[in-house]
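Positions are given from 1 along the sequence.
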Amino acid sequence: MATVTELLLYPIKSCAGLSVPEATLALDGLSASGVHDREWMVVTREGLFLTQREYPRMATIAPRVEGDALVVEAPGLSPIRLPLAHDLEAPEIEVLIWDDHVLAADCGDDAAAWFADAVGAPCRLVRFRPDVVRPKISPWTGGLPAAARFSDGYPILLIGQSSLDDLNARLAKAGRAALPMNRFRPNMVVEGIDAFEEDFVETFSDGEINLRPVKPCARCPIPSVDQATGIPGPDPLDILQTYRANARMDGAVTMGMNVIVQDGIGRTLRVGQELNAELAF
């Protein structure tokens, strides 16, 4: 049995996360308090998405929900308020997320100027349009429907706490500091399963909710970025490479599983909730 110990949304892609006590399940991920995971995104003027890979200080851009707005703070700047209500008259802009071209809503010049100061580069802020669907058609889903907003590829990323504990034990043996879970930016953290057992779970379910891990998460350099300061440090990939190179992913280092919502759309997932972890063999 697995227990949900943390639920996190990242309202703005590659910016700070928002820990919530409960979240609503949708085909394209988690939502809570009127915002959805990866609902906003920072892009170049040409529409190419920006992340902590190139701009690690994005980690210090911190959103929170306050009334009818998403309030966003960054070091040295006055907060900016982004209305939660969609502006259906907002100009459209085509943005590129890896190979996906998506029509998004431009959030205006004031937001663009604020985020340019926060990121340290010319950019614009866009929002996922409520009338757009970004389907994720992939051999990994086994033909099951899935969708995403501005996440890299799948609606939910799940990591077992034991997996991080295992990594931290190996880091300690190498004389290095332990890492917090936020370095790996999951949407769900679970306890009660062995280290990396999430790799082999077919479903996490409770009879009404059915979450299916479908693809290992190949790790990029973002786990080297201190999420509190935005300053890169030692990259744990060198340690992970010694035991987490995944043949299913052509040798890429993996940690965590990308998950789709098979059943339970519209239902609430809560911290403390127990889910049966059914192994795939």
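V65 and V71 fall into different hydrophobic clusters, defined by Ile, Leu, Val, Met, Phe, Trp and Tyr side-chain heavy atoms under 4.5 Å apart, directly or through other members. When the side chains of ILVMFWY residues are joined at heavy-atom separations under 4.5 Å, either directly or via intervening members, M249 and F196 end up in two distinct hydrophobic clusters. Under a hydrophobic-cluster definition in which Ile, Leu, Val, Met, Phe, Trp and Tyr are linked whenever side-chain heavy atoms come within less than 4.5 Å, directly or via other members, L125 and L9 are assigned to the same cluster. Both L25 and L18 belong to a single network of hydrophobic side chains, linked directly or stepwise wherever heavy atoms of I, L, V, M, F, W or Y lie under 4.5 Å apart. Linking Ile, Leu, Val, Met, Phe, Trp and Tyr whenever their side-chain heavy atoms come within less than 4.5 Å puts L144 and V214 in one cluster.
Judged purely by atom type and a 3.5 angstrom limit, Q227 has no side-chain atom pairing as donor or acceptor with the backbone of A59. Proximity of a side-chain donor or acceptor of N168 to a complementary backbone N or O of L179 within less than 3.5 Å is detected. Of the possible polar contacts, none joining the R38 side chain to the F150 backbone as a donor-acceptor pair under 3.5 Å is found. One N or O on the side chain of R134 and one on the backbone of S151 form a donor-acceptor pair closer than 3.5 Å. At distances below 3.5 Å, at least one donor-acceptor pair connects side-chain atoms of T44 with backbone N or O atoms of L48. No side-chain donor-acceptor contact under 3.5 Å links R212 to the backbone of T203. Remark: the backbone N or O of I222 is not paired with any side-chain donor or acceptor of R53 at under 3.5 angstrom. At distances below 3.5 Å, at least one donor-acceptor pair connects side-chain atoms of S162 with backbone N or O atoms of I193. Of the possible donor and acceptor atoms, one in the side chain of W114 sits under 3.5 Å from a partner among the backbone N and O of S78.
Ion pairing between a basic and an acidic side chain is recognised when a charged N comes within 4.0 Å of a carboxylate O; R219 and D235 show no such pairing. In this structure, D106 pairs ionically with R124, as a charged nitrogen and a carboxylate oxygen lie closer than 4.0 Å. Ion pairing between R81 and D110 fails under the 4.0 Å rule for side-chain N and carboxylate O.
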* **V20 and L30: CA distance, side-chain angles, deciding distance, side-chain contact (heavy atoms from CB on, under 4.5 Å) verdict** => CA-CA 10 Å; V20 297; L30 303 179; over 6 Å; no
* Verdict with supporting geometry, K136 and D100, side-chain contact (heavy atoms from CB on, under 4.5 Å) -> CA-CA 10 Å; K136 300 309 298 177; D100 291 345; 2.8 Å; yes
* Apply side-chain contact (heavy atoms from CB on, under 4.5 Å) to the pair N258 and D152, showing each step before the final yes or no. => CA-CA 10 Å; N258 290 294; D152 276 357; over 6 Å; no
* To do: Could you go through the side-chain contact (heavy atoms from CB on, under 4.5 Å) check for N187 and D37 one step at a time?
  => CA-CA 9 Å; N187 296 112; D37 185 53; 3.4 Å; yes
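L77 is not listed as a side-chain neighbour of F115, based on a closest heavy-atom distance of 4.5 Å or more. P11 has its side chain out of reach of E39: every pair of non-hydrogen atoms, C-beta onward, lies at least 4.5 Å apart. The shortest side-chain heavy-atom distance between Y10 and P186 falls under the 4.5 Å cut-off. Side-chain atoms of M58 and V119, non-hydrogen and from C-beta on, do get closer than 4.5 Å to each other.
In terms of heavy atoms, P155 sits closest to V259 at CG-O, 3.3 Å. Residues G251 and Q241 come closest through the heavy atom pair O-NE2, 4.2 Å.
Here the straight-line distance linking atom CE of M255 with atom CG of D166 works out to 8.0 Å at 0.5 Å rounding. One distance of note links CD1 of I97 with CZ of F128; it measures 7.5 Å at 0.5 Å rounding. The distance from atom CD1 of I159 to atom CZ of R185, rounded to the nearest 0.5 Å, is 11.0 Å.
Residue V225 shares its hydrophobic cluster (ILVMFWY side chains chained together at separations under 4.5 Å) with no other residue.
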Under 3.5 Å, sequence neighbours excluded: what are the donor-acceptor pairs made by side chains of residues 82-91?
unit_1	atom_1	unit_2	atom_2	d
D87	OD1	E89	N	3.0
D87	OD1	A90	N	3.4

Atom pairs and distances, donor-acceptor, side-chain atoms in residues 272-280, under 3.5 Å, two or more places apart:
unit_1	atom_1	unit_2	atom_2	d
Q273	OE1	R270	N	2.9
Q273	NE2	D206	OD2	2.9

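By the neighbour-count criterion of 12 heavy atoms within 6.0 Å, atom CG of D131 is densely surrounded, having more than that number from other residues, nucleotides or ligands. For CZ of R45, the number of neighbouring non-hydrogen atoms (other residues, nucleotides, ligands) closer than 6.0 Å is 12 at most.
A side-chain N or O of S163 and one of E198 form a donor-acceptor pair less than 3.5 Å apart.
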